[in-house]
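Data first, discussion second: the structure below is written as structure tokens.
Position 1 is the first residue of the sequence; numbering continues from there.
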Amino acid sequence: MRDLRLIVPCLLLLVLLALSGCSNAAPLDPVKEEQQGQNVNGDNASNGTDNLDNSTSMNEAETDNPLAEHPDNTDAHEEPDAEPPMEPEEDPIVTPEEPQPVTITDATWIAVGDIMMHMPQLPGYYDKQQKRYFFNPYFERVKDIIGQGDWKLANLETPIAGASMGYSGFPRFNAPTELAEALAYAGFNIVTTANNHSLDRGAEGISRTMKALEQQQFVMKGTARSLTESQRITMVEQKGIRMGLLAYTYGTNGIPLPDKMPYAVSLIDEQAMIQSIKQLKSAGADFVTVVLHFGTEYQTAPSEAQKTLARKLIAAGADIIAGSHPHVVQPYELVDVQEQDGATRRGLIIYSMGNFISNQRGETKDYGVIMKVALQKNSGTGKTVIQSVEPIPTWVHRYKQNGTNRYEILPVASTIQSKTNERLSSSDYAVLKKNLDLLTDRLSSMSAQPVSVETATP
């Protein structure tokens with residue numbers, strides 16, 4: 001009993017001490033308590049060994065617990081890290097295109113009057129040994145001037161169908177094919193063939209003439225061997241400037257167009273010509289030349305009909321009218337077209353360039369003119385304009401050699417200035433000076449003040 005009495009107080013003291021220790025302990029964290037419970041329930045964490053089952057339990061807890069990604073974070077109310085704000089996209093840097101440099105292109109348009117072949121022009125140029133003709137000497141003294149051009153036009157007013165169709169002069173011409181070689185030697189690159197003598201040897205004459213010209217690589221306009229050829233637009237580009245080309249005649253001396261070839265010769269038709277001008281412009285022509293065989297023979301001034309038609313064509317979009325047929329030089333004039341956008345476009349009408357080569361004499365029928373026109377294209381505006389017009393009067397000097405006629409085309413002004421032609425007498429020079437003054441006045445008589453017209457309505 002005595003021992004029991006000693007034991008009981010000791011037990012009470014131990015209980016009091018135990019209760020006092022519990023009251024001083026920190027409260028348990030619920031999560032730690034759960035983890036401790038897991039360890040208590042049979043893991044080996046206390047002895048430092050890894051427990052794969054415990055890792056699996058932790059993964060399952062992480063799946064269900066939004067805080068499982070941060071197991072050391074015990075704040076249940078902390079939100080997950082927000083994504084960093086996206087930086088605003090910068091506008092792409094646009095490099096302004098550098099303006100293209102404006103280029104100015106200068107070019108020269110040259111045209112001459114009628115190329116005719118009367119019978120007296122042939123014998124002196126026939127080589128009996130080679131049995132062929134050589135007409136190059138006609139052009140020897142003007143070829144350097146023609147060579148200054150980019151577009152170099154001649155109006156061929158005779159078929160060159162060859163010997164098999166018979167050579168003849170007026171009224172139905174036919175000349176040797178070698179004339180095409182001489183025109184190439186002179187420097188021409190464009191030959192127009194629409195005139196009142198186009199059908200002097202019929203459709204066959206047209207075909208042979210065009211073949212001879214093709215062999216010399218000429219651009220041709222005015223006659224055609226097929227419908228397709230007649231409808232083909234003609235564009236001649238030089239130095240990046242495109243010239244559209246048309247050529248027409250008033251008629252064919254009463255010779256009807258072939259029944260099966262109504263397109264063989266281009267005849268003047270105002271409305272059809274206006275449509276063709278517009279077609280060329282739409283196709284990209286920078287300027288348009290219309291060669292017209294029209295007017296009254298041997299008249300030194302244009303008729304009212306000539307002026308009316310030519311001005312209408314300029315108003316419709318043509319830039320240069322190159323006239324022929326009167327066999328004498330007629331004036332040229334400038335035409336200012338008031339466009340619908342308010343701009344002014346300047347055109348040029350040359351009513352007649354006379355005879356460049358022929359056997360005709362007297363009353364200035366033995367004179368012609370080389371028309372030299374300076375053109376300029378501005379790449380900035382895309383426009384091609386006429387800068388200047390220079391008429392160069394010419395004279396067909398006819399003389400005798402070995403009993404036959406010889407011909408040479410002389411530029412009048414430079415011939416007078418140099419006075420080096422041994423074939424010319426002092427009286428020849430005096431006549432040249434007189435006629436140069438006459439032709440200069442005639443040519444410029446209509447160009448002092450440009451004519452104003454309004455553009456044709458579409």
Distance-only donor-acceptor check, side chains Glu408 and Asn421, under 3.5 Å: yes
Can you tell me if Phe170 has over 12 outside heavy atoms packed within less than 6.0 Å of its CZ? no
Around atom NZ of Lys211, are there more than 12 heavy atoms of other residues, nucleotides or ligands at under 6.0 Å? no
Under 30°, 30 to 60°, or over 60°: which ring-plane class applies to Tyr138 and Phe135, parallel, tilted or perpendicular? tilted
Quick one: does any side-chain atom of Thr404 pair with a main-chain N or O of Gln401 as donor and acceptor, under 3.5 Å? yes
Under 3.5 Å: donor-acceptor pair, side chain of Asn174, backbone of Ala161: yes
Taking the six-membered ring of Tyr125 (Phe, Tyr or Trp), confirm whether the NZ or CZ of Arg406 is under 6.0 Å from its centre and within 45° of its axis. yes
Side chains of Leu410 and Leu424: does their closest heavy-atom pair fall under 4.5 Å? yes
Can you give me the closest heavy-atom contact between Ile206 and Ser198, atom names plus distance? CG1-O, 3.5 Å
Should we say atom CG of Asp341 is surrounded by more than 12 heavy atoms from elsewhere, each under 6.0 Å from it? yes
So, Thr308 side chain and Ala305 main chain: donor-acceptor pair closer than 3.5 Å or not? no
Is it the case that the side chain of Ser230 and the backbone of Leu227 share a donor-acceptor pair, with hydrogens and angles ignored and the cut-off at 3.5 Å? yes
Can you give me the closest heavy-atom contact between Ile190 and Met243, atom names plus distance? CD1-CE, 3.7 Å
For Arg141 and Thr394, which I'm curious about, is there any donor-acceptor pair between the side chains at under 3.5 Å? no
So does Val329 get a backbone contact from the side chain of Arg442, meaning a donor-acceptor N/O pair under 3.5 Å? yes
Nearest 0.5 Å please: distance from the CD1 atom of Ile370 over to the CD1 atom of Ile409. 8.0 Å
Is it true that Asp366 and Arg398 have a side-chain N and a carboxylate O under 4.0 angstrom from each other? no
Flag the pair Phe356 / Val142 as yes when at least one side-chain heavy-atom distance between them is below 4.5 Å, and no otherwise. yes
Minimum heavy-atom separation for Met116 and Asn355, please, with both atom names. SD-OD1, 3.8 Å
Anything under 30° is parallel, anything over 60° is perpendicular, the rest tilted; go ahead and classify Tyr250 against His325. tilted
Could you tell me whether Lys281 and Asp319 make a salt bridge, using a distance below 4.0 angstrom between a side-chain N and a carboxylate O? yes
Side-chain donor/acceptor of Ser303 to backbone N/O of Gln306, under 3.5 Å: yes
Test side chain to side chain donor-acceptor pair (under 3.5 Å) applied to Arg232 and Ser226, step by step: CA-CA 10 Å; Arg232 185 179 301 141; Ser226 68; 5.6 Å; no
Could you walk me through whether Thr344 and Gln338 satisfy the side chain to side chain contact (heavy atoms under 4.5 Å, CB included) test, starting with their C-alpha distance in whole Å, then the side-chain angles of each, then the deciding distance to 0.1 Å, before giving a yes or no? CA-CA 5 Å; Thr344 299; Gln338 305 303 316; 3.2 Å; yes
When rounded to the nearest 0.5 angstrom, what is the spacing between NZ in Lys312 and CD in Glu270? 4.0 Å
For the pair Glu304 and Lys307, find out whether any cationic side-chain nitrogen is under 4.0 Å from an anionic carboxylate oxygen. yes
Side chain to side chain contact (heavy atoms under 4.5 Å, CB included) between Leu348 and Leu334, intermediate numbers included: CA-CA 5 Å; Leu348 169 66; Leu334 300 171; 3.9 Å; yes
Ser425 and Ser427: side chain donor to acceptor below 3.5 Å: yes
Drop me the distance from Asn189's CG to Asp150's CG, to the nearest 0.5 angstrom. 8.5 Å
Could you walk me through whether Thr158 and His197 satisfy the side chain to side chain contact (heavy atoms under 4.5 Å, CB included) test, starting with their C-alpha distance in whole Å, then the side-chain angles of each, then the deciding distance to 0.1 Å, before giving a yes or no? CA-CA 6 Å; Thr158 177; His197 293 287; 5.8 Å; no
Do we see a donor-acceptor contact under 3.5 Å between the side chains of Asp437 and Thr440? no
Would the distance check show the side chain of Lys365 and the main-chain N or O of Gly362 forming a donor-acceptor pair, the cut-off being under 3.5 Å? yes
Within a reach of under 6.0 Å around CD of Glu390, are more than 12 heavy atoms found that belong to other residues, nucleotides or ligands? yes
Do Ser164 and Arg208 meet the criterion of a side-chain donor-acceptor pair at a distance under 3.5 Å? yes
Distance (rounded to the nearest 0.5 Å) between Glu178 CD and Asn136 CG: 10.5 Å
Within the distance-only criterion (no hydrogens, no angle test), does the side chain of Thr364 pair as donor or acceptor with the backbone N or O of Tyr367 below 3.5 angstrom? no
Side chains of Trp109 and Met371 in contact at under 4.5 Å (non-hydrogen atoms): yes
Report yes if the side chains of Leu179 and Leu156 come closer than 4.5 Å at any heavy-atom pair, otherwise no. yes
Which residue, Leu313, Leu246, Thr249, forms the side-chain contact (heavy atoms from CB on, under 4.5 Å) with Leu292? Leu313
From CA spacing to verdict: side chain to side chain donor-acceptor pair (under 3.5 Å), Asp269, Tyr248: CA-CA 9 Å; Asp269 179 325; Tyr248 305 91; over 6 Å; no
Backbone N or O of Tyr407 within a donor-acceptor pair of the Gln121 side chain at under 3.5 Å? no
Any side-chain heavy atom of Met117 within less than 4.5 Å of one from Leu122? yes
Would you say the side chains of Gln376 and Thr105 form a donor-acceptor pair under 3.5 Å? no
Checking side-chain contact (heavy atoms from CB on, under 4.5 Å) between Leu153 and each of Val191, Leu245, Ile146, which is the one that passes? Leu245
What are the two closest non-hydrogen atoms of Ala180 and Leu213, and how far apart are they? CB-CD2, 4.0 Å
Can you confirm whether Asp106 sits close enough to Lys239 that some side-chain heavy atom of one is under 4.5 Å from a side-chain heavy atom of the other? no
With a 4.5 Å heavy-atom cut-off, do Lys400 and Asn405 have their side chains touching? yes
Between the NE2 atom in His118 and the OG atom in Ser168, the distance rounded to the nearest 0.5 Å is 11.0 Å
Closest approach of Pro393 to Leu443 (non-hydrogen atoms, all atoms of both residues): CG-CD1, 4.2 Å
So, the side chain of Trp151 versus the backbone of Val236: is there a donor-acceptor pair under 3.5 Å, distance only? yes
Derivation and outcome, side chain to side chain contact (heavy atoms under 4.5 Å, CB included), residues Thr209 and Arg201: CA-CA 10 Å; Thr209 297; Arg201 286 296 186 272; over 6 Å; no
Quick check: do Met261 and Leu257 have side-chain heavy atoms less than 4.5 Å from each other? no
Nearest-0.5 Å distance that lies between atom CD1 in Ile115 and atom OG in Ser358: 9.5 Å
